[in-house]
Amino acid sequence: VDFKSPGGRKQDWAHLRVCWRLEVYQPTFLRHFKAHRIKCVVHRMNEHRAICWLRRDLRLSDSAPLAEATQSGFKTAVVFIWDEDILKRIQDPDNRRVTFIFKSLQEIDEKLKSHGSRLLVRRGKPYEEIPKLAKLMGASLVVWGEDYDPAAIQRDLTTTAALQAARVESRSVKDIVVFHKDEIQNESGRPFKVYSPYARRWKSMFLAERDAADHTVTPHSFIREKDLPSDTERPSLHSLGFNEAKLWLEPGENAANRRLAEFDRQIEDYERARDFPAAHKTSHLSVDFRFGTLSIRAAVRTCLVRKSAGADKWLNELIWRDFYQQILQNFPYVTEKPFQTQYENVRYPGVEEHWEKWRDGLTGYPLVDAAMRCLNKTGYMHNRLRMIVAAFLTKDLLIDYRRGEAWFAKQLLDYELASNNGGWQWAASVGCDPQPYFRIFNPILQSKKFDGEGAFIKEWIPELKELPDGEIHFPAGASEMELLAAGVELGATYPKPCVDHFTQRDHAISLLKGVNL
Ligand SMILES: Cc1cc2nc3c(=O)[nH]c(=O)nc-3n(C[C@H](O)[C@H](O)[C@H](O)COP(=O)(O)OP(=O)(O)OC[C@H]3O[C@@H](n4cnc5c(N)ncnc54)[C@H](O)[C@@H]3O)c2cc1C
């Protein structure tokens, strides 16, 4: 666009040019130009095009990568690649996470359509597909959100190299955490290994207008559908080799925003009720943070607005998430071995039969079994229950935490490498800032404390629902009369305990104590 003053003098009004690109202002400008007799000549030129490659940021609002692309004046195409390297490792055709992603993408496509654009979806290897699309569309920039999973880091390096070879700029921006890798360090410039001082530093470094700012996306910057490559290759769920799985919560950005709004209404209860699985007082937003259907900054802004004990407690949980992400970034070996490497050679003596009982919810400890049945059926488990079942597997059944970690990775809808690994290592007392090895959860006391009336147990093990509240936590301790009256036959309608907690507790302490001597 050239702007000329009344005398015919050509002006180099760089600022005006930038504003002109933000098309919404154009009618106002035109009126203004007419009034001041400024001549404005619009030349057609090739627009600058960018690709925003979505991965774990499946939303259109408050998205750092989308804002980066659209606010830099680029016409932007939004792209998702079904990564063959990931798909081929998923054996279950009813995988819940694939359905969650698929449906969230459908919603994004609908939203883009309402802005006159579309979501481009391909299947293949991102480091081949992304450069191919960039070439096809004449895009000079590709933007994506940082991902700290070691496999993702490798994939992104390969894609960056492929784009470089094609002379296309690539930019990765922070989006899934508030602070990353080296933004929060201790006095000696090293990463924190303990949560509490990390959280204190996190809070002292935090600046709302910088760290929780809304990364506004300018929708009129999306490339129009007619200017996008044809999307006849868009894969269906079936062609990807998957069936539609039943999800326990609704996928997509709209549903995530509704969940946040609903939780916001009861955030005051969070501090008091968060540990009671049957109360359903946690946010259930972990899956949204996992796939980016909700921005972590939007969640933090909610805490800032509320300024209550409940909101502060919830902020602490969000900081736990950042904490484990920075552990994964700074100590990537944790994916293979314990954070505390002296535990690397511990040989867990647990047996296969016990593993199967734990996995299938048949240990004879009702809260453990109810939690595992809930996980297997829905893909979700409450945080307190995750701690209880993880402690039970590692300390009562003496089975390597890595087996439990892998089972959770398979089943959880919100599976997050950093948090899952951190949680398992914490429970097994081998991680950073771990549960001390000699402090061992008693599964019966935990059950009495956090599911006092057995509401959660009754929901998942209805065959125990007639037992009195006092006995439901450990049916093997009930009298024959009580069992008979409740219609429970141990070993037939519900299993006998597979181990004795107190015996196993001593074994666990001596196993781990040996390393600590
Ligand atoms: C053994 C074990 C495995 C776990 N595996 C995962 C996992 O794969 N994915 C996952 O997102 N969380 C994991 N967690 C953490 C936690 O259990 C879940 O984040 C939480 O239960 C999700 O429910 P919510 O969204 O209602 O949580 P809320 O109580 O509402 O918490 C809000 C958010 O804070 C974060 N958060 C809460 N607790 C933790 C924590 N201990 N560590 C890290 N972040 C936390 C989550 O993003 C969560 O959504 C694990 C914990 C343990 C003990």
Side-chain angles (χ1 to χ4, degrees), residues 56 96-97 100 148-149 176-178 195 198-199 202 248-249 256 259-260 262-264 266-267 269-277 279-300 302-303 310-328 334-335 358 368 371-372 374-375 378-395 399 401-435 441 446 450:
R56 40 171 310 165
R96 299 179 184 104
R97 296 196 288 265
F100 188 93
Y148 313 112
D149 178 330
I176 63 166
V177 289
V178 177
Y195 169 77
Y198 172 86
W202 191 105
W248 75 281
L249 44 58
R259 274 191 280 283
L260 179 64
E262 197 180 313
F263 177 67
D264 187 22
Q266 53 166 29
I267 201 165
D269 294 342
Y270 184 72
E271 195 192 16
R272 180 186 55 81
R274 61 187 278 270
D275 268 324
F276 300 93
H280 303 294
K281 289 288 186 187
T282 65
S283 69
H284 300 129
L285 285 167
S286 47
V287 60
D288 300 303
F289 297 133
R290 169 65 186 90
F291 294 112
T293 37
L294 183 71
S295 141
I296 189 69
R297 295 175 295 276
V300 171
T302 299
C303 300
D312 197 45
K313 191 80 197 158
W314 198 57
L315 180 62
N316 287 340
E317 299 308 319
L318 302 179
I319 300 176
W320 265 110
R321 184 175 168 277
D322 265 18
F323 175 69
Y324 281 139
Q325 286 287 347
Q326 68 88 24
I327 291 288
L328 179 63
V334 293
T335 58
W358 178 87
V368 173
M372 292 306 293
C374 171
L375 170 70
T378 66
Y380 179 75
M381 193 191 282
H382 183 276
N383 180 57
R384 171 61 44 182
L385 300 176
R386 294 187 206 207
M387 295 196 286
I388 293 172
V389 303
F392 192 82
L393 185 77
T394 53
K395 310 276 180 63
I399 289 174
Y401 75 89
R402 279 164 280 215
R403 288 197 80 179
E405 184 190 352
W407 185 252
F408 268 33
K410 185 165 182 283
Q411 298 290 42
L412 282 173
L413 181 59
D414 67 16
Y415 167 58
E416 175 81 76
L417 174 60
S419 305
N420 193 44
N421 180 269
W424 273 96
Q425 293 212 19
W426 177 89
S429 303
V430 300
C432 57
D433 201 0
Q435 166 91 323
F441 279 2
Q446 289 284 317
F450 297 111

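The model shown is predicted, which means the values in this text are computed figures rather than measured ones. Every number for a ligand or one of its atoms is a count from 1 in the order of the listing.
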**Q** What I want to know is whether Thr282 and ligand 1 share at least one N or O pair that is separated by under 3.5 angstrom.
**A**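 Yes; the residue has a nitrogen or oxygen that sits under 3.5 Å from a nitrogen or oxygen of the ligand.
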
**Q** Quiz question: by atom type and distance under 3.5 Å, do the side chains of Trp426 and Asp433 form a donor-acceptor pair?
**A**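 No, no side-chain donor-acceptor contact under 3.5 Å.
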
**Q** Answer yes or no: does an N/O atom from His284 fall short of 3.5 Å to an N/O atom of ligand 1?
**A**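 Between His284 and ligand 1 (N or O atoms, distance only) the closest approach is under 3.5 Å.
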
**Q** For ligand 1, which atoms have a heavy atom of Leu318 less than 4.0 angstrom away?
**A**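 Selected atoms, number and element: 33 (C), 34 (O).
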
**Q** Which heavy atom of the protein is the closest neighbour of atom 13 (C) of ligand 1, given with residue, atom name and distance?
**A**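 Answer, as residue, atom name and distance: Arg386 NH1, 3.3 Å.
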
**Q** What is the nearest protein non-hydrogen atom to atom 47 (O) of ligand 1, stated with its residue, atom name and distance?
**A**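 Of every protein heavy atom, Arg321 CD, 3.2 Å lies nearest to atom 47 (O) of ligand 1.
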
**Q** Is the ring pair Phe408/Trp358 parallel, tilted or perpendicular, if the boundaries are 30 and 60 degrees?
**A**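 Geometry flag for Trp358 against Phe408: parallel rings.
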
**Q** For ligand 1, is there an atom lying under 4.0 Å from some heavy atom of Met387?
**A**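 True for this residue.
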
**Q** By number and element, which atoms of ligand 1 are closer than 4.0 Å to a non-hydrogen atom of Phe289?
**A**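 This gives 47 (O), 49 (O) as the contact atoms.
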
**Q** Kindly state whether the ring of Phe263 and the ring of Trp314 have centres lying under 6.0 angstrom apart.
**A**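 Centroid distance Phe263-Trp314: below 6.0 Å, so yes.
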
**Q** What's the shortest distance from atom 17 (O) of ligand 1 to any protein heavy atom, and which residue and atom give it?
**A**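 Heavy-atom neighbour on the protein nearest atom 17 (O) of ligand 1: Asn383 OD1, 2.7 Å.
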
**Q** Is Phe263 close to ligand 1, meaning an N/O of one under 3.5 Å from an N/O of the other?
**A**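 No.
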
**Q** With a 3.5 Å distance limit and no angle check, can you tell me whether Arg321 reaches the backbone of Val177 through a side-chain donor-acceptor pair?
**A**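 Flag not set: sc Arg321 to bb Val177 has no pair under 3.5 Å.
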
**Q** With backbone taken as N, CA, C and O and side chain as the heavy atoms from C-beta onward, which portion of Tyr270 lies under 4.0 Å from ligand 1: side chain, backbone, both, or neither?
**A**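 The answer is the side chain.
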
**Q** Look up atom CG in Asp414 and atom CZ in Arg97, then write down how far apart they are to the nearest 0.5 Å.
**A**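 Result: 9.0 Å between the selected atoms.
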
**Q** Quick one: nearest non-hydrogen protein atom to atom 39 (C) of ligand 1, plus distance?
**A**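 Closest protein heavy atom to atom 39 (C) of ligand 1: Glu317 OE1, 3.9 Å.
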
**Q** Give the atom numbers and elements of ligand 1 that come within less than 4.0 Å of a heavy atom of Tyr415.
**A**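 Every atom of ligand 1 under 4.0 Å from some heavy atom of Tyr415: 8 (O).
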
**Q** Please work out whether the ring planes of Tyr198 and Tyr195 are parallel, tilted or perpendicular, with thresholds of 30° and 60°.
**A**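 Taking Tyr195 first and then Tyr198, their aromatic rings sit tilted (interplane angle of 30° to 60°).
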
**Q** Considering only protein heavy atoms, which is closest to atom 30 (O) of ligand 1, and at what distance to one decimal place?
**A**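 Answer for atom 30 (O) of ligand 1: Ser283 OG, 2.6 Å.
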
**Q** Counting heavy atoms only, name the option from Leu417, Asp322, Asp414 that's nearest to atom 10 (C) of ligand 1.
**A**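 Minimum heavy-atom distance to atom 10 (C) of ligand 1 goes to Asp414.
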
**Q** Who's the nearest protein heavy-atom neighbour of atom 43 (C) of ligand 1, and how far?
**A**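 So the nearest neighbour among protein heavy atoms is Ser419 OG, 3.6 Å.
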
**Q** If only atom types and distance count, is the side chain of Asp288 paired as donor or acceptor with the main-chain N or O of Thr293 below 3.5 Å?
**A**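 Such a contact is absent between Asp288 side chain and Thr293 backbone.
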
**Q** Can the positive tip of Arg56 be found less than 6.0 Å from the middle of the six-membered ring of Phe289, inside 45° of the ring normal?
**A**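 The answer is no; the distance or angle limit is not met.
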
**Q** What do you reckon, is CD of Glu262 surrounded by more than 12 foreign heavy atoms closer than 6.0 Å?
**A**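 Open: at most 12 neighbouring heavy atoms sit under 6.0 Å from CD of Glu262.
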
**Q** Which option wins on minimum heavy-atom distance to atom 22 (C) of ligand 1: Pro277, Ser286, Ala390?
**A**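 When every heavy atom of Pro277, Ser286, Ala390 is considered, Ser286 comes closest to atom 22 (C) of ligand 1.
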
**Q** Give the atom numbers and elements of ligand 1 that come within less than 4.0 Å of a heavy atom of Tyr324.
**A**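 Atoms satisfying the 4.0 Å criterion: 42 (N), 43 (C).
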
**Q** Looking only at heavy atoms of Arg290, does any of them come nearer than 4.0 Å to an atom of ligand 1?
**A**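 Outside the 4.0 Å threshold, so no.
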
**Q** Using a 4.0 Å heavy-atom cut-off, which part of Asn420 comes near ligand 1: side chain, backbone, both, or neither?
**A**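 Looking at Asn420 and ligand 1, atoms from backbone and side chain both fall under 4.0 Å.
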
**Q** Which heavy atom of Ser286 sits nearest to which heavy atom of Tyr380, and what is that distance?
**A**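 Here Ser286 and Tyr380 meet closest at OG-CE1, 4.3 Å.
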
**Q** Does a donor on one side chain sit under 3.5 Å from an acceptor on the other, for Gln325 and Glu416?
**A**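 There is such a pair (donor and acceptor under 3.5 Å, judged by atom type) between the side chains of Gln325 and Glu416.
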
**Q** For His382 and Ala371, indicate whether the former's side chain and the latter's backbone hold a donor-acceptor pair under 3.5 Å.
**A**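 No, because the side chain of His382 does not come within donor-acceptor range (under 3.5 Å) of the backbone of Ala371.
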
**Q** Near Leu412, which atoms of ligand 1 are under 4.0 Å from a heavy atom of that residue?
**A**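 Per the distance check, 5 (N), 7 (C), 8 (O).
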
**Q** If you measure every N or O of His382 against every N or O of ligand 1, does any of those distances drop under 3.5 Å?
**A**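 In fact, backbone or side chain, His382 has no N or O that close.
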
**Q** Can you tell me if Phe323 contacts ligand 1 (heavy atom of the residue under 4.0 Å from the ligand)?
**A**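 No; Phe323 lies far enough from ligand 1 that no heavy-atom distance drops under 4.0 Å.
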
**Q** May I ask you to check if ligand 1 and Trp320 share an N or O to N or O distance below 3.5 Å?
**A**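 Min N/O separation from ligand 1 is not below 3.5 Å for Trp320.
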
